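Right, one structure below, let's go through it.
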There are 2 protein chains.
Amino acid sequence: MSDLLERLRGRGWRLTAQRRVVAEVLDGDHVHYTADEVHARATERLPEISRATVYNTLGELVSLGEVLEVSTDGRAKRYDPNAHHDHHHLICSQCGTIRDVHIASDPMAALPEPERFGFAVSEVSVTYRGVCPNCASA
Amino acid sequence: MSDLLERLRGRGWRLTAQRRVVAEVLDGDHVHYTADEVHARATERLPEISRATVYNTLGELVSLGEVLEVSTDGRAKRYDPNAHHDHHHLICSQCGTIRDVHIASDPMAALPEPERFGFAVSEVSVTYRGVCPNCASA
DNA sequence: TCTTGACTTGGACTTTGTCCAATGTAGGAT
DNA sequence: ATCCTACATTGGACAAAGTCCAAGTCAAGA
């Protein structure tokens, strides 16, 4: 539970009520929330927390590498607390929920040198889309 | 060049100056523009074209399957005219430009059945990120 | 406990995109 | 060639997501 908070403290994070609440919201569930959803859930526990603080905190968690930003549809970004495990995403094209998945081969190896165009490639993400069982039955 | 326009006409598209200009902007280059960039370039050729029309036209091209929407960073969507070839993307993490790349293996095969969680998976996209030569030298 | 620099706040602002009523026009019908 | 009309375009208002900032607050080291 407080693994995350411990790590952050060790990195010189000032531990405020707001930050704790945001971290707990992310840590608590396996869904990937948008910033506004995080704010809504944080508000339940700490009614005065401001949107700006939620954005700030999410941004800090991302720069610290504790959380990943996932852009699904060009609208709101979602935040993935599962940053320390190598994984990719499976997104329902109807309801937008995201699952983490693990894949069998290394996609980095699939990009041949001549296709890199001089880029210093440092990251790769694979996104699968389809209809989830829930939406399929509806 | 007018392959695209021909196809669209065949599908009952009313051919207006505005639509022609937007199609030409997309068709003309290998970069993937944002809607605003498309609008800026369209304005050079047809000064009175409105933002709404550019958005409408891009939306139509996407529904017709002639153009793909690419969500890179949760900010502006970019439009990829290369919808008929199977390809993936290499994005500069600094300036945001996108190149199309071709990869060596089929990423769909990399997702094992138990990792599909009952989804009807229909699509996969692989996104590489790194720093482009241009930004690296700056 | 005091101090201080880091944190939070709310509101204004920006960017990206959507919607709509009024106006214009492409292209088939005559 | 001209007319009609359904489809397109326009601009401006609106909305959603996110950023920025000056002023106030507070965690934690001295």
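Residue numbers start from 1 in every chain, and the chains themselves are labelled A, B, ... in the order their sequence lines are given, proteins ahead of strands. Fair warning: this is a prediction, and the values are worked out from it, not measured in the lab.
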Is there a donor N/O on one and an acceptor N/O on the other, under 3.5 Å, for the side chain of Arg14(A) and the base of dC7(C)?
->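 No, no donor-acceptor pair under 3.5 Å.
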
Hey, does the side-chain of Arg51(A) have a donor or acceptor N/O within less than 3.5 Å of a partner on the base of dG18(D)?
-> yes

To the nearest angstrom, how far is [X] atom [atom1] from [N] atom [atom2]?
X	N	atom1	atom2	result
Asp36(A)	dT19(D)	CG	P	12 Å
Lys77(A)	dT15(C)	NZ	P	15 Å
Arg9(A)	dC7(C)	CZ	P	14 Å
Glu48(A)	dC7(C)	CD	P	19 Å
Glu69(A)	dA17(D)	CD	C1'	12 Å
Arg78(A)	dA16(D)	CZ	P	16 Å
Leu58(A)	dC7(C)	CG	P	15 Å
Glu60(B)	dA8(D)	CD	P	6 Å

Option from Arg78(A), Arg41(A), Lys77(A) for which side chain to side chain donor-acceptor pair (under 3.5 Å) with Tyr33(A) holds | Arg41(A)

Among His32(A), His85(A), His88(A), which residue meets the side chain to side chain donor-acceptor pair (under 3.5 Å) test with Asp100(A)?
->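 Looking at His32(A), His85(A), His88(A), the match for Asp100(A) under the side chain to side chain donor-acceptor pair (under 3.5 Å) is His32(A).
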
Measuring from the side chain of [X] (C-beta onward, heavy atoms only), which nucleotide among [options] has the closest atom?
X	options	answer
Gln18(A)	dG17(C), dT9(C), dT9(D)	dT9(C)
Arg19(A)	dT8(C), dT9(D), dG27(C)	dT8(C)
Leu15(A)	dA28(D), dT8(C), dT10(D)	dA28(D)

Is the distance from OP1 or OP2 of dG18(D) to the nearest side-chain N or O of Tyr55(A) less than 4.0 Å?
->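 So the side chain of Tyr55(A) is within the cut-off, an N or O lying under 4.0 Å from OP1 or OP2 of dG18(D).
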
Can you find a side chain N or O atom of Arg75(B) that sits less than 4.0 Å from OP1 or OP2 on dG17(C)?
->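 False: Arg75(B) side-chain N/O out of range (4.0 Å or more) of dG17(C) OP1/OP2.
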
Going through the distances and angles, do Glu66(A) and Arg11(A) end up as a salt bridge (charged side-chain N to carboxylate O under 4.0 Å, His left out)?
-> CA-CA 12 Å; Glu66(A) 294 291 343; Arg11(A) 298 212 214 175; 2.8 Å; yes

Heavy atoms under 4.0 Å, any strand shown: does Thr16(A) hit a base, just sugar-phosphate, or nothing?
->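 Sugar-phosphate, no base atom in range.
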
With rounding to the nearest 0.5 Å, note down the distance linking CD1 in Ile49(B) to CZ in Arg19(B).
-> 10.5 Å

Of the options Cys135(B), Cys92(B), Ser93(B), which is the one that meets Phe119(A) in a side-chain contact (heavy atoms from CB on, under 4.5 Å)?
-> Cys92(B)

Does Ala52(B) or Asn56(A) map to a spot on DNA chain C nearer the 5' end, using the closest nucleotide for each?
-> Asn56(A)

